[in-house]
Student: 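Sharing a structure below in C-alpha cells format, with a few things to ask.
Remember, predicted model here, so these are calculated numbers, not experimental data.
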Amino acid sequence: MVGMKPSDTPPTLGVKLLSAGSAACIADLVTFPLDTAKVRLQIQGEKVASEATKGIRYRGVFGTISTMIRTEGPRSLYNGLVAGLQRQMCFASIRIGFYDNVKNFYAGGADTANIGIRILAGCTTGAMAVSFAQPTDVVKVRFQAQVNLIGVARRYTGTMQAYKHIFNHEGIRGLWKGCLPNITRNALVNCTELVTYDLIKEAILRHNLLSDNLPCHFASAFGAGFVTTCIASPVDVVKTRYMNSPPGQYKSAINCAWTMATKEGPTAFYKGFVPSFLRLGSWNVVMFVSFEQLKRIMMVGKQKMEDKS
C-alpha cells in the first residue's frame with residue numbers, strides 16, 4: 001500500500017482523498033513555474049499569435065522562466081494557478097486517493113498485489129480522474145500558454161470566464177478537448193508514478209536500506225518522477241499542443257501528433273523534457289512527502305478524537 005507500514009492502522013478513504021488532494025495542491029504551489037515553462041517549451045514551434053511575440057524565443061527551462069519574468073513579469077509564471085489547484089483537488093484526490101482501494105479490489109482482498117494488478121489499478125484511477133477533471137486541465141493549460149504582453153489579445157481574463165468562454169464558443173466538447181490523449185497520458189503517468197513509487201519504496205524497506213521515513217519517501221518519489229517523465233513525455237506534449245490549439249487547427253490528437261512528427265521531427269515529442277523532469281521529479285517529492293505526513297497527521301487527529309469520545 002502506498003505510504004503504509006504493516007503496523008499502521010489503515011487510513012480511511014476520506015483521509016486518503018483529502019490528504020492526496022491537499023498534498024497535490026502543495027506540490028503545485030511549489031512547482032507551478034516549472035510546469036508553466038514546460039508548457040511554453042512544448043507549444044513553441046506552433047504558429048505565432050501576434051507580431052509582438054515573434055522576437056520571443058524560449059531556451060531551456062531556466063531560460064524560459066527568465067524570459068517570461070523579463071517580458072511578462074513574475075506573475076506570468078503562475079498563469080492558471082487557480083485552475084491548477086482546482087484540478088489537483090479533483091484529480092489527485094481520485095487518482096492517488098483511490099489507488100489503494102482499487103488495487104485491493106482487483107487483488108480480491110489479498111495482502112499483496114502483483115505488478116499487473118498495480119498497473120491496472122493505476123491506469124483505472126488515472127482514467128477516472130481525467131474523465132472527471134478534464135475541464136480544469138484544459139483551462140490550466142490555456143492560461144499557461146497565454147502570453148501577457150501589450151499588443152497581444154488575451155484569450156481569457158479569469159478562470160470562471162475561461163470556463164464560460166470555452167463552453168459558449170466550443171461547447172461541452174471544448175471543455176473535454178483532448179480527453180483521450182489526456183486519459184492515455186495520465187493512465188501512463190498514474191500507473192508509472194504510483195507503481196514505481198510503490199516498488200522502489202518496498203525494495204528499500206525490504207533490503208533495510210532506509211526506514212519508512214523522509215529519506216525513503218524522497219528517494220522513492222524522485223525515482224518515480226524520472227521513470228514517469230521518460231515514459232509519458234511524448235503523450236504529454238501532444239496533449240498540451242492539442243488542448244491549447246484553436247478549433248480547426250488539428251482534426252484530432254492523432255493528427256496533432258502526425259503534424260508534429262512530419263513538420264518538427266521526432267525530437268518534438270520530447271520538447272520541454274528537462275522542465276518536465278524537474279517539475280515532475282520535484283512535484284513527486286513534494287507531493288508524496290506531504291501525502292505521507294498529512295495522512296499520519298490526520299490519522300493521529302482522528303484517533304485522538306475517537307479516544308476523547
Student: Provide the closest heavy-atom pair for Tyr242 versus Ser245 in the form atom of the first, atom of the second, distance.
Tutor: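 Tyr242 and Ser245 have their closest heavy atoms at O-OG, 2.7 Å.
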Student: Measuring from Arg142:CZ to Thr159:OG1, what's the distance to the nearest 0.5 Å?
Tutor: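 Those atoms lie 13.5 Å apart.
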Student: Please determine if Lys239 and Asp137 form a salt bridge, counting it only when a charged side-chain N lies under 4.0 Å from a carboxylate O.
Tutor: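 Looking at Asp137 together with Lys239, the answer is yes, because their closest N to O distance falls below 4.0 Å.
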Student: Does a side-chain heavy-atom distance below 4.5 Å link His165 with His169?
Tutor: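 Answer yes - side chains close enough.
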Student: Where is the tightest heavy-atom contact between Val138 and Gly174, given as atom of each residue plus distance?
Tutor: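 Taking every non-hydrogen atom into account, CG1-O, 3.9 Å.
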Student: Can a donor-acceptor pair be found, under 3.5 Å and without considering hydrogens, that links the side chain of Thr228 to the backbone of Gly225?
Tutor: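 No; judged by distance alone, with no hydrogens or angles, the pair does not exist.
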Student: Using modelled atom types and a 3.5 Å cut-off, is there a donor and acceptor pairing between side-chain atoms of Asn104 and backbone atoms of Asp100?
Tutor: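 Indeed, once roles are kept as given, a pair shorter than 3.5 Å links the two residues.
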Student: Measuring only between side-chain heavy atoms, which start at C-beta, is Gln86 closer than 4.5 Å to Tyr163?
Tutor: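 Side chain of Gln86 against side chain of Tyr163, heavy atoms only: contact under 4.5 Å found.
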Student: Looking only at heavy atoms, what is the nearest atom pair of Ala127 and Ile183, with distance?
Tutor: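 Answer, listing the atom of Ala127 first, then Ile183: CB-CG2, 3.9 Å.
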Student: Roughly how far, to the nearest 0.5 Å, is CD of Gln88 from CG of Leu29?
Tutor: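 Leu29 atom CG to Gln88 atom CD measures 10.0 Å (nearest 0.5 Å).
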Student: So do Ile119 and Tyr106 actually touch side chain to side chain, heavy atoms under 4.5 Å?
Tutor: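 They are not in side-chain contact.
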Student: Within the 3.5 Å criterion, strictly below it, is a donor on Thr125 or Asn190 matched to an acceptor on the partner's side chain?
Tutor: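 The criterion, which ignores hydrogens and geometry beyond distance, is satisfied for Asn190 and Thr125.
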Student: Please check this pair: side chain of Asn168 against backbone of Lys164, looking for a donor-acceptor N/O pair closer than 3.5 Å.
Tutor: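 Yes; judged by distance alone, with no hydrogens or angles, the pair exists.
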Student: For residues Ala37 and Ile65, report the shortest heavy-atom separation together with the two atoms involved.
Tutor: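 Here Ala37 and Ile65 meet closest at CB-CG1, 3.9 Å.
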Student: Between Val102 and Leu17, is there a shared hydrophobic cluster once you connect ILVMFWY residues whose side-chain heavy atoms come closer than 4.5 Å?
Tutor: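 In one cluster with Val102: Leu17, yes.
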Student: Do side-chain atoms of Gln161 reach the backbone of Thr157 as a donor and acceptor pair under 3.5 angstrom?
Tutor: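 Yes, Gln161 side chain to Thr157 backbone: donor-acceptor pair under 3.5 Å.
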Student: How many angstroms lie between atom CD1 of Ile26 and atom OG1 of Thr31, to the nearest 0.5 angstrom?
Tutor: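 Answer for the CD1-OG1 pair, Ile26 versus Thr31, is 11.5 Å.
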Student: Go through the steps for His207 and Glu202 under the test side chain to side chain contact (heavy atoms under 4.5 Å, CB included), then give the verdict.
Tutor: CA-CA 9 Å; His207 292 92; Glu202 285 183 6; over 6 Å; no
Student: Could you state whether Leu194 and Ile115 fall into the same hydrophobic cluster, counting links through intermediate Ile, Leu, Val, Met, Phe, Trp or Tyr residues with side-chain heavy atoms under 4.5 angstrom apart?
Tutor: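 As far as the 4.5 Å side-chain criterion goes, Ile115 and Leu194 are connected within one cluster.
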Student: Would you say that Cys216 contacts Ser220 through its side chain, given a criterion of any heavy-atom pair below 4.5 Å between the two side chains?
Tutor: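 A side-chain contact exists here, since the closest heavy-atom pair is under 4.5 Å.
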Student: Can you tell me if Thr36 and Gln144 form a side-chain donor-acceptor pair at under 3.5 Å?
Tutor: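 Distance-only check passes for Thr36 and Gln144.
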Student: I'd like to check Tyr270 versus Pro234 (side-chain heavy atoms, cut-off strictly below 4.5 Å). Are they in contact?
Tutor: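 Contact flag for Tyr270/Pro234 side chains = yes.
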Student: Kindly indicate whether the side chain of Asn186, heavy atoms from C-beta on, has any atom under 4.5 Å from the side chain of Phe91.
Tutor: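 Heavy-atom side-chain distance check passes, below 4.5 Å.
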Student: Membership question, hydrophobic clusters at under 4.5 Å side-chain separation (ILVMFWY): are Leu199 and Leu209 in the same one?
Tutor: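 No, separate clusters.
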Student: Ser66 side chain to Phe62 main-chain N or O, any donor-acceptor pair under 3.5 Å?
Tutor: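 No: the side chain of Ser66 does not pair with the backbone of Phe62.
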Student: Can you list the steps and then say if Asp198 with Tyr99 is a side chain to side chain contact (heavy atoms under 4.5 Å, CB included)?
Tutor: CA-CA 11 Å; Asp198 241 355; Tyr99 172 73; 3.3 Å; yes
Student: Could you go through the side chain to side chain contact (heavy atoms under 4.5 Å, CB included) check for Lys271 and Lys38 one step at a time?
Tutor: CA-CA 8 Å; Lys271 278 191 172 183; Lys38 177 202 73 172; over 6 Å; no
Student: So how far is it from Thr124 OG1 to Ile94 CD1, rounded to the nearest 0.5 Å?
Tutor: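 With rounding to 0.5 Å, OG1 (Thr124) is 13.0 Å from CD1 (Ile94).
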Student: With the threshold set at 4.0 Å, does a side-chain nitrogen-carboxylate oxygen contact exist between Lys16 and Glu292?
Tutor: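 No, Lys16 and Glu292 are not salt-bridged.
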Student: Are the aromatic ring centres of Tyr197 and Phe291 under 6.0 angstrom apart?
Tutor: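 No - the distance between ring centres of Tyr197 and Phe291 does not fall below the 6.0 Å cut-off.
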Student: Give the intermediate values and the outcome of side chain to side chain contact (heavy atoms under 4.5 Å, CB included) for residues Trp258 and Thr262.
Tutor: CA-CA 6 Å; Trp258 177 253; Thr262 54; 3.5 Å; yes
Student: Would you name the heavy atoms of Ala224 and Asn284 that are closest together and state the gap between them?
Tutor: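 Closest approach of Ala224 to Asn284, heavy atoms only: CB-OD1, 4.2 Å.
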Student: Aromatic rings Phe277 and Phe273: how do their planes relate, parallel, tilted or perpendicular, breaks at 30° and 60°?
Tutor: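 Parallel, since the angle between the ring planes stays under 30°.
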Student: Side-chain heavy atoms under 4.5 angstrom apart, residues restricted to Ile, Leu, Val, Met, Phe, Trp, Tyr: same cluster for Ile69 and Leu81?
Tutor: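 Same cluster: Ile69 reaches Leu81 through Ile, Leu, Val, Met, Phe, Trp or Tyr contacts under 4.5 Å.
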Student: Using the rule that Ile, Leu, Val, Met, Phe, Trp and Tyr join whenever any side-chain heavy atoms are under 4.5 Å apart, tell me whether Tyr78 and Leu34 fall into a single cluster.
Tutor: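 Yes, Tyr78 connects to Leu34 through the hydrophobic network.
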Student: Within the supplied structure, the quantity of interest is the number of heavy atoms (other residues, nucleotides, ligands) at a distance under 6.0 Å from Phe218 CZ; does it exceed 12?
Tutor: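 No, CZ of Phe218 has 12 or fewer neighbouring heavy atoms, counting only those of other groups under 6.0 Å.
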Student: Does Ala133 offer a backbone N or O that forms a donor-acceptor pair with the side chain of Thr136 under 3.5 Å?
Tutor: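 Checking the backbone N and O of Ala133 against the side chain of Thr136, a donor-acceptor pair under 3.5 Å is found.
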Student: Rounded to the nearest 0.5 Å, what's the gap from CE on Met299 to OG on Ser19? Could you check?
Tutor: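 So the gap between those two atoms works out to 10.0 Å.
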Student: Side-chain contact, heavy-atom cut-off 4.5 Å: Ile166 with Lys177?
Tutor: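 When only atoms from C-beta onward are counted, Lys177 and Ile166 do not touch, as no gap falls below 4.5 Å.
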Student: First locate atom SG of Cys123, then atom CZ of Arg118, and finally report the distance between them rounded to the nearest 0.5 Å.
Tutor: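 CZ of Arg118 is found 14.0 Å from SG of Cys123.
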Student: Indicate the atoms forming the closest heavy-atom contact of Phe32 with Gly84, along with that distance.
Tutor: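 Reported closest heavy-atom pair: CE1-CA, 4.3 Å.
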Student: With side chains defined as the heavy atoms from C-beta onward, is the minimum distance between Trp176 and Gln134 less than 4.5 Å?
Tutor: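 The answer is yes; the side chains approach within 4.5 Å.
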